[in-house]
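To keep things clear, I will list the structure first and then write my remarks on it.
Read the numbers this way: they start at 1 and go in the same order the structure lists the ligands and their atoms. These numbers come from a predicted model, not from an experiment.
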Amino acid sequence: MTRLHRLLLPVTLALALAACSGEQGGQQSSSNAPADQAAAQKGPAMVGAARLDNADGEPGNWMSGGRTYSGQRFSPLKQINADNVGDLGLAWHYDIADAKYGQEATPIVVDGVMYVSTDMSRVRALDARTGKEIWSFDPEVDGSWLQHVCCGFVNRGVAVWNGKVYVGTLDGRLIAIDAGTGKQVWSTQTFEKTRGYTITGAPIVVKGKVIIGNGGAENDVRGYVTAYDAETGKQIWRFYTVPGNPADGFENKAMEMAAKTWSGEWWKNGGGATVWSSFSYDPELNLLYFGTGNGSEWARSVRSPKGGDNLFVSSIIALDADTGEYKWHYQEVPGDEWDFDSCQNVILTDLTIDGQARKVLLHAQKNGYFFVLDRETGKPISIEPFANVNWSTGYDLTTGRPNLTKNARYDDRGKPTMIIPGASGAHNWHPMAYSPDTGLVYIPTQVTSFTFAMDPRYKPKKLTSNIGILFEPLTALDDNGKPVDPPKGPPALLAWNPVTQKPVWRVEHASTNNGGILATAGNLVVEGTAAGNIEIYRADTGEMIWSSPAQSGVVAAPMSYEVDGEQYIAIAVGWAGTGALGSASGVPVNVNRVLAFRLGGTDKLPPMPAAPVRELNPPARTGTPETVEAGYHTYQRYCGGCHGFSAKAGPLLPDLRYSSALGDESLWLSITSDGALSANGMGAFGAELSHDDLNAIRAYVISRANDAKEQ
Ligand code: CA
């Protein structure tokens, strides 16, 4: 095929699709696609509104996180299919040489070039045929800001527009990079560093505006979404997701409405509801869709003492994409106090439900329910559990509200309460996919629980974790005083029918925190696993038909593209996220790579690197049992989130049991109290914890190290 043919092929396809559909979008495609293709000849990532609106007309490209604005993560390519997938082999692998903290991004491919963000907010451009690096961009994240990041130094992807690649950084910059040279074009600081914000999510570009949210609802932040001019980085609009101090006046009517659902002085600690994962967009309705995170603090009785729904915590929100004006909201978890973020990807499609054609929005929440909403109005069409839940008995569709069980609200119960699913969710941020061919949604699910109890010593803190509950292993008792067993059961890839709201098939996995999903027209569903494999299933039946070792735990979602008439399936591997901070994957080392597969691919991964052998050589036990016990509680509150609860870390951040500072009190205090390692992301706790507190933590970690050595 000549270069000219390659360039013309997508145009021909777009024209054919436009002729078939007869819809307005299709007509736009026929008039604008040639201009876009001409733009494509001018340089890399020359993507405009017409190309993004009609991304389905370019099945070989994957131009935004969910491939199209609908966020379906479905590839219409079928060169690789259920009949020939046995011939699938590695086409190329790219070692992310400077990566340490794991990979969560879905790569983007435009006109034969792959753009992928990696940990520490870095970005690579690779030749999508060979994996050869074209450029590498490092925003040099401020290491001292890393201590405010809750859940890994990761990034979930880039966006492209008019020759530029956009990435949000952990320290809050939105950066435009020249897609051809990898050089920075502009950079805008998106938050003030007076509160514990961070960015790990992917931006979206809609009609020349780059839209980005932020994270930090476990800290002290007020969530918002901002649109910036894609050419200049200048702010165009901002929409807050929770109200600020009423005395300062409300930004808009939506905030005035939301403020009626709060009480007390919620704004002091921010309120939360951050938009930290991804966006979807409907060009016809011109609506931007996203979910919001948990409230800050987690416990409602702390952040809003008289109760209330606390809008727009744990909600789906639709905004006018041009102005950021509020259009509708649907709150999935009124008055959330279980960390039920609505952070999962939003999928848009059209379904026939009860004989009626509906424009729907699909969402599989942390809380275990699958939501089918009317995306024009936000009204729920159906809501059913896809997982085991104990916090509610279902939803009332007329009010749209859940029916809570007796003990669901733990904040006034006075004893630990086990909630199913737990804070990790029945489905977390790992993207699900939808196949229009099978009509099924493919959800990476897990069985989780969390035992909630109020923290009697809780005091709000600046910039750092502010959840208001105990974060340590607790035993929940039922109403008869008997210990409640946590739910058991393997995590599973679940194929779900969104019309009948019933499971169709499920494939069980060995361990939790598995990867996001790709569905293809080749009747394939692709997923990376925590056990360290890339697996492919028949989309219609769930039969496993292909598997290959990834040499790393995988949490990111795969994607597919075509270059020179060849289809590829690509994925970033590298164990990451909250699960990775506390535990290892099924693979003893963490190799960070991008892998691409094609039919007949003959590339081979190098041999697995040997797992590092480290000798545990702690100093002698120190401190009284009471000191060690006090150190245990302080450790859980201040250290466990990053270094592992019970002082046993995952592979990404230091396992303190091995720390050479354990036997050197002055070194220990210089780090933990004075911030000697703050440039590496280690916090300084001298303002909040006394030397006695910090030495008690040291005594506790020494005792854990000795326990492990004596085992
Ligand atoms: Ca959360």
Say whether, by atom type as modelled, one donor and one acceptor occur between the side chain of Glu472 and the main chain of Arg637 under 3.5 angstrom.
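Here the side-chain-to-backbone pair does not exist.
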Looking at Gln189 and Asp171, would you say the former's side chain and the latter's main chain have a donor-acceptor pair under 3.5 Å?
yes
Checking Asp341 against Trp276: is there a side-chain donor and acceptor pair closer than 3.5 Å?
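Trp276 vs Asp341: donor-acceptor pair found between side chains.
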Does one side chain, of Gln501 or Trp496, offer a donor that lies under 3.5 Å from an acceptor on the other?
yes
Aromatic ring pairing Phe450/Trp298, orientation class (parallel under 30°, perpendicular over 60°, tilted between)
perpendicular
Note, the Ca ion (ligand 1) has protein N, O or S atoms under 3.0 Å numbering 5
N-O pairing of Arg303 and Glu297 below 4.0 Å
no
